[in-house]
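Each remark here refers to the structure printed beneath this line.
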Amino acid sequence: MADQERSEIIRNHPIGNGLLAFLTSFSSLCESKKISCSVEALTQLDDEDVQDLASSLLPTLQILPITRLLPSRTGSGVLRNDLLRLISAVASTDFDFERVKPLLQAVVAKKSDEEIWTQVYCAVTESTPPPRPIASSLLQTPWLRNTSSFANSSEHRKYVDAVLKEELGTMYVGLHRFHETFFGDVAGLQAASEAVFAKCREGSNLLFDNNGWAGWPLQAKEKDVLSWFQDIVQKLSQLAQDHSPTATPTRRPIAQPDKPLEGSTADRKLDVGFVNDPKAKKSSRYHWSQILVPGELKSNPNADTSKTWLDIGRYVREVLATQDTRRFVIAFTLCGPLMRIWEFDRLGGIASDQFDINQDGLRFVSTILGFLWMNEEQLGFDPTIITSGGIRYVEIERNGRRERLIFDGVMRRAPCIAGRATTCWKVHSDRDRQTPLVIKDSWQYLEREEEGALLKEATDKGVANMARYYCHYTVQVSGIDDDVQNNVRKQLDITMAENYRPERLVTIRTTTSTASSREGRSMADRKRPASQTDAALPPSKRSCSASPTKVDSNTLPNRVHRRVILRDYGEPIFCASSPTALLVALEQCIEGHKSLHGAGFLHRDISVNNLMINKDESNPSRRGFLIDLDLAIKEHRGVASGVKGKTGTRAFMAIGALLGEQHSFIHDLESFFWVLFWICIHYNGPDEDIGTTRFEKWNYEDDRSLAFLKKGEIDDEMDFMKTAKECFTPYYQPLVPWANRLRRVVFPNGNRWQREDESLYSQMQDILGKARKNLNIFNNITGN
């Protein structure tokens, strides 16, 4: 963008009083330091004060509408995203604050808007390394296994725990500002806690004395501690009634360590937790969807280790899986009298410092009252999804018009903690109740190309048999983009954790493309939704480039909450009404992949949940189509297509992809074969899952082992036919010979393809078409 054009945008969008709150906080700081409130004051403040000022100013600048219009200095997108990355950098301990001082000076001196935005550009440019051109795309690659990728799994603990541990990575503990960060906004909590704790130390029957809490079981046996915990929570709640923000307290603890909760795939028990049920009893039955705050108890004070942390993580996974609007979860562990408070989100888990409840009674009171009083947003629920009169909806603006999208039901919720955590809902617009739409929420790395932008471009190019674009935006909560580091964790600095090691942070691979803008429009909260545009960006605004970025304390990993709305609705392909319908849908999805590939995209995540079928004749959506471009990339013609890395759902990943080969459309076509193979083994009718099979271990094997397991299934025709006849369900037995014919072209002579050949598309479609016709003839003869 030319300087003249940028200046015009700045003139047309003045800052006005937008920085008044920051200037007021600056004045208060100077008064507390007893220094003159002037530009010179910035030279008298220490780094911690400058960090606080920068942490206040930058988010204020970032939410100004102009940041969506000014271009990025890093070569792609808009200034808003540059500021988001700078905010994360400022939160680290080794940030060079000289970078932001000129900006602070310009604001304090009330310089012109032009000068302020010039200094903003200087600050973000210094904090962001320049992009480097590379031969092929690099992107956010899920190198680690994830519990959301299990297919037809029993979720036995011995299997899940290993994958969950890998998913969570290092859980950072010992964050001393934790309580302030997550409990500081609870209305009246501090004053109420002090008053209640004072009452605990009054009278003849003290609840708390120099030895700690009355009735605390010295041996800290689980049963005794649970009984004591329920009793003390009830007493603290009663003492706090005069201070409670609600007239009638409704939240209560439950303690049912021997009774599995409903709603999980495998039986899962919870030691203790909080629910919204004033009549909670030991005999009551609860569902994971009712658990607001889960807890884990251990009698041994020395048990506050990674094993216990994984236990509480296992409970949190169940909570997140069953609560479709939950963004994060607050939890706690109590090992003997030693307590930690936890927060789990889409980056993993973090925890407070450890404290002894019998020594720090006030903090314990504040924690319990916090659990009882936190509102839904403070507990992690999404405030942009509104419930009124029993109806759930979100509000958007599209093409300059406000729409209300009303929820009809949950389609899918990825059962994981850390990761993209995709959730899909079937919805309809209040302007058109007959046409089904789909809302898809996911948490993507900031560096990741936006799925909404990719999908819009694919729709504009007329890609066949691909879910079509309706709208997309970045979710906003409390007026700012809903990302983990700045919004969920409120800039809580994990580099200050007791167990922090810089080398523990993963390497994020950034992705870019030369043909599409990846900057989605932010969506304001329900009080002021932001405008959406369906207009394609001109080519000059679409150029991006990429560089692999080693994550250090200046670039902490971060995920942002993005929402894509589709105008095609269907069910997963395993819901097909007949084997013939399955073949039709599979053939159409392969055609969709061919069309997508021809438009310059590589899907890279072919799985049973990403191939859809539309069985409703009144539904105007396509009959069989692809969804989910979360892992898709733009292919660069003239260079090797794809990226070196492992992507996709493990059970359906191509052998070469598991072995780390450069991902190609050939790998995706192989994944179509594994989808058919898997469905024929695991389903005995439309959506009729037969349960676990000997193939369940495919979910848990390491990449190389899984690659050789798959190779062993397809390299010999006689062996393959034997497996198919033994393992294909009765419903899909007619497809045994056709699956074998497909195997022959996907794996010629029992080997993987050695070169890219687009004729594989037509060869696979031809076999599926012949199989369909053969089944039709058979059904006509038999009358089925």
Side-chain angles (χ1 to χ4, degrees), residues 464-465 573 576 579-598 602-608 610-611 624 626 641-642 648-649 651-659 661-681 695 698 706-725 727-728 732-778:
N465 296 352
I573 196 171
T580 301
L582 172 69
L583 295 174
V584 170
L586 200 60
E587 191 177 351
Q588 292 180 344
C589 287
I590 290 175
E591 181 62 31
H593 189 279
K594 180 180 179 181
S595 180
L596 189 69
H597 175 55
L602 188 59
H603 190 282
R604 304 188 331 125
D605 191 15
I606 299 301
S607 70
V608 293
N610 289 338
L611 309 183
L626 293 171
S641 64
T649 306
F652 314 108
M653 285 174 63
I655 296 170
L658 287 167
L659 294 174
E661 289 181 354
Q662 189 115 331
H663 204 101
S664 160
F665 72 89
I666 291 289
H667 295 111
D668 280 358
L669 289 177
E670 181 185 327
S671 291
F672 279 104
F673 168 82
W674 292 118
V675 165
L676 178 63
F677 181 77
W678 191 268
I679 290 174
C680 290
I681 289 172
F695 295 92
W698 285 17
L706 179 54
F708 283 98
L709 279 174
K710 288 189 169 187
K711 197 171 188 315
E713 295 293 344
I714 52 84
D715 60 2
D716 182 87
E717 182 162 326
M718 289 183 63
D719 291 345
F720 177 80
M721 289 294 288
K722 185 175 184 294
T723 295
K725 289 175 181 178
C727 298
F728 279 25
Y732 283 117
Q733 274 294 317
L735 295 187
V736 168
W738 300 102
N740 185 48
R741 291 190 188 187
L742 204 61
R743 180 197 64 84
R744 289 175 186 169
V745 299
V746 175
F747 304 100
N749 299 316
N751 297 311
R752 294 182 290 118
W753 278 76
Q754 300 301 312
R755 58 183 178 81
E756 294 185 354
D757 187 345
E758 297 193 3
S759 69
L760 184 57
Y761 281 108
S762 59
Q763 293 181 61
M764 294 179 70
Q765 288 176 299
D766 181 60
I767 291 171
L768 294 171
K770 288 178 179 178
R772 173 169 44 85
K773 292 175 183 177
N774 180 273
L775 286 180
N776 285 335
I777 294 172
F778 175 79

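Bear in mind that the values here come from a model prediction, so they are computed numbers and not experimental data.
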Problem set entry | pair E758-H597: side-chain heavy atoms closer than 4.5 Å | yes
Problem set entry | Rounded distance (nearest 0.5 Å) linking atom SG of C680 with atom CG of L582 | 6.5 Å
Side-chain donor-acceptor contacts of residues 744-751 below 3.5 Å, not counting sequence neighbours, with atom names and distances?
{"from": "R744", "atom 1": "NE", "to": "E717", "atom 2": "OE1", "distance (Å)": "3.2"}
{"from": "R744", "atom 1": "NH2", "to": "E717", "atom 2": "OE2", "distance (Å)": "2.8"}
{"from": "N751", "atom 1": "ND2", "to": "N749", "atom 2": "O", "distance (Å)": "3.4"}

For this session: Look up atom CG in L669 and atom CE in M764, then write down how far apart they are to the nearest 0.5 Å.
Result: 5.5 Å
Exercise. What is the minimum heavy-atom distance between W678 and A651, and which atoms define it?
Worked result: CZ3-CB, 3.9 Å
Exercise. What distance separates S664 OG from D757 CG, expressed to the nearest 0.5 Å?
Worked result: 10.5 Å
Exercise. Is it true that Y761 and F665 have ring centroids separated by less than 6.0 Å?
Worked result: yes
Exercise. Of F695, W698, F652, which meets ring-ring contact (aromatic ring centres under 6.0 Å, His included) against W674?
Worked result: W698
Problem set entry | Pairing residues for Q588 by the side chain to side chain donor-acceptor pair (under 3.5 Å) criterion, not counting sequence neighbours | none
Problem set entry | Distance-minimising heavy-atom pair for D668 and H593 | OD2-NE2, 2.7 Å
Exercise. Between the main-chain N or O of K725 and the side-chain N or O of Q733, is there a donor-acceptor pair closer than 3.5 Å?
Worked result: yes
Exercise. So do I606 and L626 actually touch side chain to side chain, heavy atoms under 4.5 Å?
Worked result: yes
For this session: Quick one: closest heavy-atom pair of V584 and R772, and the distance?
Result: CG2-CD, 2.9 Å
Exercise. Out of T580, N774, L676, which one pairs with L735 under the side-chain contact (heavy atoms from CB on, under 4.5 Å) rule?
Worked result: L676
For this session: Please round to the nearest 0.5 Å and tell me the distance separating atom CD1 of I590 and atom CG of L768.
Result: 5.0 Å
Seminar exercise, completed: On a heavy-atom basis, the closest approach of E670 and I655 is OE2-N, 2.8 Å
Exercise. For the atom pair NZ (K594) and CG (L760), what is the distance rounded to the nearest 0.5 Å?
Worked result: 11.0 Å
For this session: Could you tell me the separation between the CG atom of D715 and the CZ atom of R743, rounded to the nearest 0.5 Å?
Result: 8.5 Å
Exercise. Can we say R752 and E661 salt-bridge, meaning some charged N sits less than 4.0 Å from an Asp/Glu carboxylate O?
Worked result: yes
Exercise. Do L586 and F672 have side chains that get closer than 4.5 Å, going by heavy atoms?
Worked result: yes
Exercise. Minimum heavy-atom separation for P579 to Y732, with atom names?
Worked result: CA-CE2, 3.9 Å
Problem set entry | Minimum-distance pair of heavy atoms, taken over all atoms of E591 and Q765 | OE1-NE2, 2.8 Å
For this session: Say whether, by atom type as modelled, one donor and one acceptor occur between the side chain of D719 and the main chain of G712 under 3.5 angstrom.
Result: no
Exercise. Side chains of H667 and Q662: donor-acceptor distance under 3.5 Å anywhere?
Worked result: no
For this session: Report yes if some heavy atom in the side chain of N610 is under 4.5 Å from a heavy atom in the side chain of H603; otherwise report no.
Result: yes
Exercise. Between S595 and N465, do the side chains contain an N or O donor and an N or O acceptor separated by less than 3.5 Å?
Worked result: no
Exercise. Do the side chains of F677 and I714 get nearer than 4.5 Å, heavy atoms only?
Worked result: no
Exercise. Within 45° of the ring axis of W738 and under 6.0 Å from its six-membered ring centre, is that where the NZ or CZ of K770 lies?
Worked result: no
